[in-house]
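To keep things clear, I will list the structure first and then write my remarks on it.
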Amino acid sequence: MLCFLGLSDYPQTMGQQADLMSTGEAARLLGCSRQHVVDLCVRGLLPFVSVGSHRRVHRTDVTGLMSRELTRDQERSLWLHRVVAGRLALDPEAVLAQAGKNLQHLRQVHPKGVTAQWLAEWQKVLDSGEDAVFSALTSPSRHAVELRQNSPFAGVLSQQERTAALGAFRHHWRQAHAA
Amino acid sequence: MTREQLEHILRAASTIAGDPDVLVIGSQSVLGSFADDDLPLEATSSMEADIAFFDDPADAKADQVDGTIGELSTFHETFGYYAQGRQR
């Protein structure tokens, strides 16, 4: 079976192939239309692999969507962090240094409670290397959504870049959610 | 987020939008009624506050707040917390 990169970064093994579902099967699991699943794939909210001319999605990614889709705020956060991911690809050393500096500051501002736990989780992600950081920045999973709400990547984008990204997101949201 | 931090966000948001009537939505709204020392950690553990305006039909004020003191902004970097303008 030939699989190539869609929005997913999964190298496929035989075991993982058993976890793949068609968009129709995913739609039945989610209780929505097949077209809606396709839309989620196209919008980058559901990773997929292409098998021939068909999209296949991982069961774990589908079940991760079952309780809810991303809210507007969560999608906006994802959008901003995709831009950060782009910057990370260009200059990983500078971006990770900024994140490490921010994390130190944030742990002083939020020394206790749930936020402190998420910041500790970020430290593990940063310590795991660039691939783990890319995943945390761009995954639509609920875990990554929560992580990003406690992001240490402020200051990576200039004000001009942020403004442009927020404007592009507003345009995207209007188009994607037009009745 | 402490009550003091929430007050900082509200002052900034009100100035940015030119509107004194700011609505706090979500978990941090409890800080309007209780001091943070009287609340469990879970009730105040967030680095963001969701805010909206009563008079904001086109979401322009919410967008201004996002643009100025929102996620990944210089405000966020400087103070360690941020506002999230809630659009309708």
Side-chain angles (χ1 to χ4, degrees), chain A residues 71-85 87 95 98-99 101-119 122 137 145-171 173-174 177, chain B residues 1-9 12-13 16 23-28 30-31 36-52 56-88:
Chain A
T71 64
R72 187 184 194 281
D73 294 338
Q74 291 165 345
E75 276 207 46
R76 180 181 54 204
S77 177
L78 174 59
W79 190 277
L80 283 172
H81 283 85
R82 284 172 174 156
V83 185
V84 171
R87 179 55 57 83
V95 171
Q98 176 74 25
K101 187 185 86 171
N102 286 344
L103 205 50
Q104 276 192 320
H105 176 225
L106 289 169
R107 292 176 94 161
Q108 291 173 346
V109 177
H110 306 281
K112 298 181 288 188
V114 178
T115 303
Q117 291 170 19
W118 285 115
L119 295 175
W122 267 118
L137 291 172
V145 165
E146 295 293 333
L147 258 180
R148 288 191 293 268
Q149 281 196 330
N150 300 280
S151 175
F153 289 94
V156 169
L157 306 179
S158 69
Q159 182 58 31
Q160 191 176 9
E161 290 168 330
R162 249 190 104 250
T163 300
L166 289 171
F169 171 74
R170 281 194 291 275
H171 179 72
W173 179 267
R174 277 197 300 270
H177 296 270
Chain B
M1 180 175 294
T2 64
R3 184 170 178 149
E4 188 180 352
Q5 291 166 345
L6 178 62
E7 287 171 356
H8 181 200
I9 284 179
I16 290 162
L23 179 66
V24 182
I25 301 169
S27 61
Q28 302 311 298
V30 72
L31 288 168
D36 35 288
D37 287 345
D38 296 333
L39 292 167
L41 275 176
E42 290 75 12
T44 60
S45 289
S46 175
M47 69 169 68
E48 50 97 9
D50 295 330
I51 65 168
D56 191 19
D59 297 325
K61 294 174 184 174
D63 287 343
Q64 280 181 306
V65 166
D66 274 334
T68 311
I69 59 172
E71 187 176 18
L72 305 190
S73 64
T74 303
F75 184 96
H76 181 185
E77 180 186 13
T78 304
F79 298 107
Y81 46 87
Y82 61 94
Q84 218 161 230
R86 293 297 295 269
Q87 287 80 2
R88 289 157 206 277

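FYI, side chains are in, hydrogens and waters are out, and symmetry mates aren't considered; it's all heavy atoms of this structure. So that the names make sense, note that chain A is the first sequence line, chain B the second, and so on, each numbered from 1.
For A:Asn150, the parts sitting under 4.5 Å from any heavy atom of chain B are the backbone and the side chain alike. With a 4.5 Å cut-off on non-hydrogen atoms, A:Val84 touches chain B through its side chain but not through its backbone. Contact of A:Gln108 with chain B is not made at all, since no heavy-atom distance falls under 4.5 Å. Contact annotation for A:Ser77: both backbone and side-chain heavy atoms come within less than 4.5 Å of a heavy atom of chain B.
Remark: B:Leu72 CG to A:His81 NE2 distance equals 4.5 Å, nearest 0.5 Å. In this structure, CD in A:Gln149 is found 5.5 Å from OH in B:Tyr82, a value given to the nearest 0.5 Å. Within the model, atoms CG of A:Asp73 and CD of B:Glu48 stand 7.5 Å from one another, a figure rounded to the nearest 0.5 Å. In this structure, CD on B:Glu77 lies 10.5 Å from CG on A:Leu157, to the nearest 0.5 angstrom.
The ring-ring contact (aromatic ring centres under 6.0 Å, His included) check on A:His110 picks up nothing, with sequence neighbours excluded.
Interface check for chain B: of the options A:Asn102, A:Val156, A:Leu106, the most heavy-atom pairs under 4.5 Å are formed by A:Leu106.
Side-chain contact between A:Leu119 and B:Met47 is present, with at least one heavy-atom pair separated by less than 4.5 Å.
Atom CD of A:Gln159 has more than 12 neighbouring heavy atoms from other residues, nucleotides or ligands inside a 6.0 Å radius.
For B:Ser73 against A:Ala154, the heavy-atom pair with the smallest separation is O-CB, 3.8 Å.
The pair A:Arg76-B:Asp66 counts as a salt bridge, with a side-chain nitrogen and a carboxylate oxygen less than 4.0 angstrom apart.
Looking only at distances, a side-chain donor or acceptor of A:Arg162 sits under 3.5 Å from a matching main-chain atom of B:Glu71.
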Could you walk me through whether B:Asp59 and A:Arg170 satisfy the side-chain contact (heavy atoms from CB on, under 4.5 Å) test, starting with their C-alpha distance in whole Å, then the side-chain angles of each, then the deciding distance to 0.1 Å, before giving a yes or no? CA-CA 11 Å; B:Asp59 297 325; A:Arg170 281 194 291 275; over 6 Å; no
